[in-house]
**Student:** 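Right, I'll just put the structure down here and ask away after.
Below, chains carry the letters A, B, ... as their sequence lines are ordered, and counting in each starts from 1.
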Amino acid sequence: MADAPSGNADNNAAEAFLQGGSLKHAPGPYFGSYGGRWMPESLIAALDELEETFDKAKDDPDFRAQIADLNKNYSGRPSLLTEAKRFSEHAGGVRIFLKREDLNHTGSHKINNVLGQALLAKRMGKTRVIAETGAGQHGVASATAAALMGLECVVYMGAEDCRRQALNVARMELLGATVIPVTSGSQTLKDAINDALRDWVANVHNTHYLLGTAAGAHPFPAMVRYFHEVIGEEARAQILDQAGRLPDAVCACIGGGSNAIGIFHGFLDDPSVKIYGFEAGGDGVDTGRHAATITLGKPGVLHGARSYLMQDDDGQTIESHSISAGLDYPGVGPEHSYLSDIGRVSYEPITDAEAMEAFRLLCRTEGIIPAIESSHALAGAIKVGQRLADEASAAGETAEDKIVIVNLSGRGDKDVATAAEWFDLLDKNSAESEIGKEGEQL
Amino acid sequence: MSTAQTISKSAAAIDKARAEGRAALIAYLPAGYPSVEESIAAGIAAARNGADLIEIGIPYSDPVMDGQVIQAATTEALAKGFRVSQVFDVVAGITSKTDAAVLVMTYWNPVIRMGVDEFSRRLSEAGGAGLITPDLIPDEAAEWLEASDKYGLDRVFLVAPSSTTERMQRTVDASRGFVYAVSIMGVTGARSSVSSAAKDVVAAAHAAGAERVCVGLGVSNAGQVREIAAYAEGVIVGTALVKTLGDGGVDGVAALTKDLSTGLARETGLAGEEA
């Protein structure tokens with residue numbers, strides 16, 4: 001029997017952290033009372049095989065060298081840390097730095113994880129990878145890694161998402177992947193994960209499930225985090241180099257939470273750094289149309305892990321809503337639930353409207369079009385910046401003494417139609433207008 | 001296999017069939033499909049036409065082990081407003097009218113949400129035999145092991161062709177009533193032939209000490225039932241019955257169950273004549 005999770009474990013960990021212990025490199029399967037393996041027995045052997053392969057690879061210099069080489073010469077790492085001086089004026093005048101995951105190959109942080117998992121798939125002798133995708137970012141990244149490494153790739157995507165993200169479907173197909181529209185359940189990202197799991201059960205002998213976020217059954221949360229830790233490591237070194245000190249705050253957006261756990265990890269053991277995760281507040285957390293899982297959800301199990309979950313009184317999963325497809329998920333990675341419970345990370349909702357305002361602001365002040373997902377982190381950073389500025393003022397300091405890092409997890413090219421519709425920039429009769437309308441219904 | 005003092009209703013039903021020289025038939029039906037009343041009527045019809053055990057599924061938003069037929073049925077039940085607590089009405093409705101052992105098949109989150117202890121207590125009060133848990137492995141089942149002992153409920157865990165010897169042993173040891181052998185690597189749904197893996201899984205479960213092993217997934221006709229009855233203590237049929245319930249109603253379930261039961265006999269002449 002695995003160690004029984006308990007509330008005491010949470011308190012002990014929080015206590016240990018306050019006394020100088022480490023929150024980094026948590027190995028799973030449990031993060032406090034979260035995580036674990038709530039999965040069909042049929043898949044346990046595959047999870048064991050993956051865990052064993054991953055554990056060996058982590059300690060293998062050849063594997064680490066392969067990852068480092070791909071990161072540098074394929075993805076374009078290290079990604080830049082860019083100071084956003086004109087944007088900062090709208091955030092209380094604190095200094096804001098952007099971790100530029102948008103500059104990675106395929107346009108987001110997702111590439112870090114897919115390259116690592118595709119290498120593991122090869123090590124396990126698997127010839128086929130499957131993936132789920134919402135708007136298509138993880139699907140495109142998975143198709144990219146599969147093409148690079150000569151793996152067959154099948155991507156499950158909600159039928160409605162396929163229609164409104166037709167160009168991303170085409171991108172995946174150009175890269176050689178097969179896209180399967182999911183028509184079961186609510187036909188959204190969570191149902192795409194369900195269908196990917198059904199495929200995995202049937203084809204596990206030759207197939208690796210390339211899960212796109214730091215959620216799911218052990219070892220996925222710890223493994224996906226491992227491949228994204230590079231974000232936080234780079235950002236920490238870059239801010240020390242550019243500003244000569246650690247930031248006062250780090251901000252990221254949270255859907256499943258992979259970009260966030262990646263950058264958070266670099267700062268978890270720095271008690272002076274406040275850490276913020278911004279969830280999708282959709283139309284507003286009091287409207288019922290949102291994806292603010294930690295803010296309003298209750299612990300439960302979905303897709304293999306115990307974590308906060310949007311669910312009704314019967315334990316049925318509630319459909320989430322967000323203008324950002326990448327955040328439109330009713331669950332969240334288990335390590336985030338734990339970091340919330342012990343108070344190390346603060347999780348707050350950002351509405352669609354707040355995110356879109358931050359989206360426009362970054363476009364106009366910095367010449368960077370952010371992903372709508374990342375725009376939630378930008379909107380959060382504006383709030384955090386203003387709070388820090390108030391604190392500085394109260395302490396007789398200046399706002400410029402405060403530093404905030406925002407993980408700009410992806411670029412907004414994919415979101416142009418949605419944004420153009422939101423800001424009413426399109427001719428009513430254009431084809432793009434039609435696409436944008438559908439996008440807005442996300 | 002747990003040998004706690006608890007009297008297992010599932011084991012008793014399987015042993016009764018064995019004493020009659022045949023395998024037991026387990027009929028799966030979703031609660032609330034096509035309505036709560038009809039799911040009770042269908043369970044009673046199955047029990048009166050040759051099913052020894054009835055497995056009542058709780059409709060759930062994310063049924064990852066189910067194929068399209070069962071997904072469609074449970075999605076319909078949820079769309080019509082099915083509530084989890086109604087499963088106890090379905091169980092009580094069948095146990096009050098028949099001698100069949102009635103188990104509930106459920107994904108785990110609805111049980112957690114109600115509270116494992118409360119769910120177990122209410123299932124016990126409704127006359128239920130226990131739970132079949134497709135996404136709960138013994139490793140995560142501490143609360144359920146405790147509650148099932150407290151309320152005398154069977155805990156039916158799944159074993160699969162991919163289960164290692166070690167996991168097979170652990171799962172058999174944690175189970176009570178019977179062990180559910182997944183016949184194939186896949187989800188529920190009718191298949192044209194029974195996987196050869198099924199026989200190996202059953203043999204492995206027997207080798208690990210399981211006295212009662214029942215085979216499910218992909219079984220849809222009397223011929224397949226006959227094939228499995230030769231080496232397993234029970235045969236589980238789901239998708240075919242659900243499809244029949246949708247197409248032909250309760251009478252269809254009665255007729256199909258009667259037909260399926262003709263495959264149960266290990267010795268000539270005994271099967272299917274009981275009801």
**Student:** Against chain B, label A:Gln311 side chain, backbone, both or neither, depending on which of its atoms sit under 4.5 Å from a heavy atom there.
**Tutor:** side chain
**Student:** Less than 4.5 Å to any heavy atom of chain A: does that hold for the side chain of B:Val159, its backbone, both, or neither?
**Tutor:** backbone
**Student:** Can you tell me how far apart CZ (A:Arg198) and CE (B:Met65) are? Round to the nearest 0.5 Å.
**Tutor:** 10.5 Å
**Student:** Is it true that, when you exclude B:Glu143 itself, more than 12 heavy atoms of the residues, nucleotides or ligands shown sit nearer than 6.0 Å to its CD?
**Tutor:** no
**Student:** Using side-chain heavy atoms (C-beta onward) and a distance below 4.5 Å, is B:Met185 in contact with A:Asn203?
**Tutor:** no
**Student:** Which atom pair, heavy atoms only, marks the closest approach of A:Gly315 to B:Asn109?
**Tutor:** O-ND2, 2.9 Å
**Student:** With only heavy atoms counted, which part of A:Ile193 is less than 4.5 Å from chain B, the side chain, the backbone, both or neither?
**Tutor:** neither
**Student:** Between A:Asp312 and chain B, which part of the residue has a heavy atom less than 4.5 Å away: side chain, backbone, both or neither?
**Tutor:** backbone
**Student:** Give, for atom CD of B:Gln71 and atom CG of A:Asp195, the distance between the pair rounded to the nearest 0.5 Å.
**Tutor:** 6.5 Å
**Student:** Are any of the side-chain heavy atoms of B:Phe157 and A:Glu41 separated by less than 4.5 Å?
**Tutor:** no
**Student:** Is chain A contacted by the side chain of B:Leu78, its backbone, both, or neither, given a heavy-atom distance below 4.5 Å?
**Tutor:** side chain
**Student:** Just to verify, which of B:Leu136, B:Asp135, B:Ile137 counts as forming a side-chain contact (heavy atoms from CB on, under 4.5 Å) with A:Arg37?
**Tutor:** B:Ile137
**Student:** Show the nearest heavy-atom pair for residues B:Ala160 and A:Ser42, with the distance to one decimal.
**Tutor:** CB-OG, 3.4 Å
**Student:** With rounding to the nearest 0.5 angstrom, report the OG1 to CH2 distance, B:Thr133 to A:Trp38.
**Tutor:** 10.5 Å
**Student:** Step through the shown structure and confirm whether more than 12 heavy atoms of other residues, nucleotides or ligands are within 6.0 Å of NZ on B:Lys80.
**Tutor:** yes
**Student:** Answer yes or no: does atom CD of B:Glu125 have more than 12 heavy-atom neighbours from other residues, nucleotides or ligands under 6.0 Å?
**Tutor:** yes
**Student:** How long is the gap from OG1 on A:Thr183 to CD on B:Gln68, to the nearest 0.5 Å?
**Tutor:** 6.5 Å
**Student:** How long is the gap from CG on B:Asp62 to NZ on A:Lys190, to the nearest 0.5 Å?
**Tutor:** 3.5 Å
**Student:** Can you tell me how far apart NZ (A:Lys298) and CD1 (B:Ile112) are? Round to the nearest 0.5 Å.
**Tutor:** 14.0 Å
**Student:** Who among A:Ile44, A:Leu197, A:Asp199 has the most heavy-atom pairs with chain B under 4.5 Å?
**Tutor:** A:Ile44
**Student:** Please tell me if the side chains of B:Glu140 and A:Val301 come closer than 4.5 Å, counting only heavy atoms from C-beta onward.
**Tutor:** no
**Student:** Could you go through A:Asp314 and B:Phe82, starting from their C-alpha distance and side-chain angles, then the distance that decides it, and tell me whether this counts as side-chain contact (heavy atoms from CB on, under 4.5 Å)?
**Tutor:** CA-CA 10 Å; A:Asp314 271 2; B:Phe82 176 82; 5.8 Å; no
**Student:** With chain A as the partner, which of B:Arg83, B:Met114, B:Arg113, B:Arg167 has the greatest number of non-hydrogen pairs under 4.5 Å?
**Tutor:** B:Arg113
**Student:** What part of B:Tyr180 is in contact with chain A, defined as an atom under 4.5 angstrom from a non-hydrogen atom: side chain, backbone, both or neither?
**Tutor:** neither
**Student:** Which heavy atom of A:Asn194 sits nearest to which heavy atom of B:Ser61, and what is that distance?
**Tutor:** ND2-O, 4.3 Å
**Student:** What part of B:Pro161 lies closer than 4.5 angstrom to a heavy atom of chain A: side chain, backbone, both or neither?
**Tutor:** neither
